[in-house]
Amino acid sequence: MKRRWILMLIASALILTACNIKAPVAPQWDINFQVPLMNKDYFASDLIDGKNFDVTEDSVMYFFTDGFINGADVKEDELKISANEEGTGFIPIVTGTEYNVLLPLKDPEAENDVEIVTAAIREGTLQISFENTLIEYMPEITVEFVELKDPNGDLFKHTFYTNELNGLHEFSLEGYTIEQDGDNELLENLSIKITYETNQDPNLPDYIVLSSIKINYEQPIYFSQIKGLVHNVKIEAEDFYTEIDVDYPDNIENALHINSPKVKFKIWSKLGFNVFFDATLKSYNSRTGESRFFHLDTRTIERAYTEGDSVLTELVFQHSIETIMEIAPDKFELVDAVFTVNNPANEIGFAGVGVGFSGDYRAIVPFDISFNANEPVRPKELIEIEINDSNRKRIKENARGVSFSVKLKNNFTVGAFVNLYLCNSDDKQIVYGDVPPTNNSIKRIVFDDNYVLAGSQNSSYDGELHFSIDEDDLKLFSENEKVYFGIQFSFEENDTIMHSYEKINVISRLDVKLAINGEKED
Amino acid sequence: MKKLLFILVLLCVSMLYAFSTASSIPFAGSYMQRATGVDAIYWNPANLSNLPTRAEITVLPISYKVYNNALSIDLYNEMMVDTLSQDLKDKFLSEMNGNLNINMEMNTILFGYATRSFGLSFGTFVNTYAKLDEHYLDLILNGNEYERDYFFTKSNNDASFLAMQDITVAFGGYELNKALPDVMNFLPSTRYGFAISFLSGASGNIDKFDGLFKASDDGLNLDQQVTLHYGGGFGYKGMFGLSSDLISTKNQTLSAGLTLDNLFGTFNNSISCKAHEANLTAQNVYIVHLNEDFFAEQDTSYSIANFSTDLPLKLSGGLLYKIGNLSASLDFSKYSKESAFGSDLADTSVGIEYELLGFIPLQGGYLFGNDSHPSVSAFGVGLRYKYWDGGLGFQFYDSFGGQSSKGLSFSAQMAFRY
C-alpha cells in the first residue's frame, strides 16, 4: 500500500516539476509616447493682444480707447447780474403822487451778465434806504415788487413804519424768484410800486415830502437758474486721459498702417443754449517717448429745449487725427475741452448751476500691419508649460530621449523664418536672447532659422520640422516647474500688408521615449 | 470600501471551488458516462446506479483552473527578465487575438453522498474571467501611434464573476424500459435520473465598455465609459439525464448518455444589487494645457432593481467505450447562449483511461479549443479500489504539457464507498 502511494506521488511530482514557473518580477522596458504639445493659430491679429484691441467681423484690426467728459457744468458764479449801487437813487415821496419805480437789472458795461426772463436767485441782497422823513405826519411807506416773489410765491411787499423810515434796510433774496406773468420778454428793470399812509389822511395836503427812498443792490445777484440770455460763459470739462491697453508686436511703429481713424464724441446737453465745443487730443507712445497733439475743429453742441431734458450731439473727427494715432499710442488724452455759450443770435434759453454737458468718446483706429524684412515679430505671450513634481521626476529618471515635431502651416503671403525657444525664464528678453541670461540657472534651447515658404489665404504652405533634445537639454524639463515656449517670425519681404485673417498655424508634437522601470516605477 | 469588501469576499469564496467536479479534470471534461456516485449528481443522475457499492462519500474534492489565451509558461518565464526586448513585447502581443483573456475557475464539494438511486451534495462553484484589450497592452508596452484611433469595446474588455453554492438532490438509475410499452422493447437498456439544485450566490458583469484614445494634431482625446452591475440572490435549476447501455458484453461495454441541465433554471439577484458607472473624458488636450482641468471624471454608484443571472439551457452528451482495462470516452456540450458559465460554443472532448495493474488508473483527455478557450490536454493518475479511490489531475492549455501551456488546472479527489 505504501509503495503504491509513493508511486502516485512520484507521478504527480514529475508532472508538477515539469512546470518551471519563475517568480514574478516587474521588468523594465521602453515605450514611445507621441503626445500633442500645442496647436495654435498665430493670426496676424494674434500678434497683438490687449483689451483695447479687437477685430471686426470684416477682419479689420483696430485698437480703440474710451473716455468720458466730466465736470462740464455751469459753475455757481457764472449766472449773475453785476451790482447796481445806484439803483433807483433817492426818490422823494411827495404827497398827492403815485409811485411806480423801476430798478434796472442790466448793466450795459457788464458783458457777462445774464439777461433774465425769469430766474431763481441763489444769493443776493436788496437794500432799501430812507432819509429826510417828516415824522409829524407819522408816515408809513409800502414797497411792493411786481416781479419779485419770496420763497412762498408771494410778491415782495414790505411796509416800513414811521420809526423804520430812516437808514438802511437789507433783505436777503436767497430763494426769491423773478417771474413775469405770461410774458417771455427780457426784463430790463424790476417794477416797484410805492404807496404811503399818514395820520392826516384823508386830509393830507399835497406836495409835502414825506421821506426819500432808495432801492438798490450793492453786491451782484447770483442765480441758481435762469431763463433768458447768457453771454460769453465758458464751461470747462475736466482733462481726461486713458491708457490704451494694447500689446503691440515689437517694432510695430514701423509696421503700423493707420486706416481712417476716428474719434466719435457723444455729448448730451441739458443746457438751453447752443454752445461751441473745442478740445485738444493728445497721444503718447511711452515705448518711444513720442507724443503728439491735435486741436479739434470747433463744433456746435445742440441745445436742449425743455428743462430737464438731454439732447445728444454726435461729433466725428476723422482724417485730421491720423497724425496723432500713427505713433501706436498707449496713452490718449482729452485736454482743454470747453463749451462756450456765445449766443450771437440772442435766442432765449435756460441755464442752471450744475447743469451742463456729459458724454463720452471713443477713438477707433483701424490698421494693417506690414513687416519689414528680417525684422523679428513675436507674439506678446509666451506659452507656459507646467511640469509637476512627479512628471519632473519621471523625466529625470525615465526619459531616454525627447524630440519635437513642429508643423508650420503658413497662410501669410510671404515666407518667414521661424525660431523656436524654450527657456526656464518668463522674461521675454531672455527667452528671445535679446539680453544675456542674468544668472547661470537660466537655461535656453533655441531652434532657429527654420524657413517656411509663402502660402496664401486659401492654401497654406505646410512645412514640418524635427528637433531633438539632447540629454543635457532634458534638464530643462526635469529641473524646472515651468518652461516657457516662445516663437519668433521674421518675414522675408518688405511692405507686404498682413491682414488679420492671415495666420501661421503651429502644431507641435512631443515624442518621448520613456523607460518603464518595473518595480521602481511609482 | 464595502464594495471592495464584497468583491474580495466573493473572490475568497472563489478560492474554494470549480464546476466540472474534480474527478473530470484528468479527462478534460469527457466524463459524463464515467461519472458515478457523487459525480453522477452533477454529470448525469441516470448513472447513479452505476455505483459499484451501496453508497459513496466524497471528501472535499477540489479543482482549480487558471488559464489565459496568450501567455504560456514559457513566454511568462521569458518575460520575467530585467528588460523586455522589443521582440519579446511583439511576441507577447502577437499571441493575443484582440485581447488578453484570463479565466479562473474553482470548485469543490463540501459534502457529497450518493447511493445507487439517490444523491445529496453541497457544492461551491466560482468562475471569474477578465478580458483586457490588446490595445491597452500595446499602449503600455510600446506607447502610442500618432493619429491612430484606439477603440475599446466590450468584446475585448470585459469582466465577470460568478460565485454559487448549491444544494443538489438527485434521483436516478431508474429503468426507463419498464415504463415504456412493449413495442419499444427494441431499445437498449436505458436509465434516467434527475437532479434539483437550490442555488445561492452572487454575480457581477460589465454591461457597457466603450473607450477611445487618440493623440493627434487635434489634441489628446480620451473617452472611457464603463457600466457594471452586481448583486446576490437565490435560484434553482433542474437536470434530467438518460443513459443507455448500447453494448454490454463480458469484455466490452458501450454506453451513451444525454443530459439537459439548467432546466427551469432561474437565479434572481435581490441582495445588495448595485450598478456602478464610471466615465472619463478629455477632449483636445495639449501638453501646454495640462496645468488646467483637462478631463472630466464621473463616478456614480446607485441601487438597481433585482436582476436575473442567466442559467442557459445546457445540452450534453457522452459516449463511453470500455474494453478490458481500457476505456475511451467522447463528450460534447453546448449552452443555449453565452453566460457567466461559459460561451455558447460547443465543447467537444475525448478521454481515455487505462487501469494499470487493475488499480492504478492512468488517465488522459483532450478538450478541443474554440474561440472561447484554448484546447486543453489533461492527465491524471490515481488509485482505485472497490471501497476507496483517489486521484490527481492536471490540465494544460493550448499545449500537451510542459512550458508551452497557457494555463494550469489541478484537481485532487478522494471518495469512500461501502
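Reminder, nothing fancy here: chain letters follow the sequence lines and each chain counts from 1. None of the values given here were measured: they were computed from a predicted structure. No hydrogens, no waters, no symmetry mates; every other heavy atom, side chains included, goes into these values.
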Task: Side-chain (Lys89(B)) to main-chain (Asp30(A)) donor-acceptor, under 3.5 angstrom - done: yes
TODO: Return yes when atom NZ of Lys22(A) has more than 12 non-hydrogen atoms of other residues, nucleotides or ligands closer than 6.0 Å, and no otherwise.
DONE: yes
Open item on the list: Any side-chain to backbone donor/acceptor pair from Asn39(A) onto Asp217(B)? Under 3.5 Å, distance only.
Closed with: yes
TODO: Can you establish whether the number of heavy atoms outside Asp472(A) located under 6.0 Å from its atom CG is more than 12?
DONE: yes
Open item on the list: Under a 4.5 Å cutoff for heavy-atom pairs, which residue among Asn32(A), Ile507(A), Ile385(A), Val512(A) has the most contacts with chain B?
Closed with: Asn32(A)
TODO: Flag the pair Ile140(B) / Trp29(A) as yes when at least one side-chain heavy-atom distance between them is below 4.5 Å, and no otherwise.
DONE: yes
TODO: Measure the CD1-CD1 distance between Ile287(B) and Ile387(A) for me, rounded to the nearest 0.5 Å.
DONE: 9.5 Å
Task: Inter-residue atom distance Thr83(B).OG1 - Gln28(A).CD, 0.5 Å rounding - done: 5.0 Å
Task: Toward chain A, the part of Tyr76(B) with a non-hydrogen atom under 4.5 Å - done: side chain
Task: Residue, of Lys513(A), Lys407(A), Met38(A), that accumulates the most heavy atom pairs under 4.5 Å with chain B - done: Met38(A)
Open item on the list: Report which part of Asn77(B) has an atom under 4.5 Å of a heavy atom belonging to chain A: side chain, backbone, both, or neither.
Closed with: both
Open item on the list: Could you report the tightest heavy-atom contact between Pro27(A) and Val81(B), atom names first, then the distance?
Closed with: CB-O, 2.8 Å
Open item on the list: Is Leu37(A) in contact with chain B via its backbone, its side chain, both, or neither, using a 4.5 Å heavy-atom distance?
Closed with: both
Task: Whether over 12 other heavy atoms sit under 6.0 Å from Tyr387(B) OH - done: no
Task: Pairing residues for Ser216(B) by the side chain to side chain contact (heavy atoms under 4.5 Å, CB included) criterion, not counting sequence neighbours - done: Glu147(B), Lys214(B), Asp218(B)
Task: For the student: nearest non-hydrogen atoms of Val25(A) and Met80(B), plus distance - done: N-SD, 3.2 Å
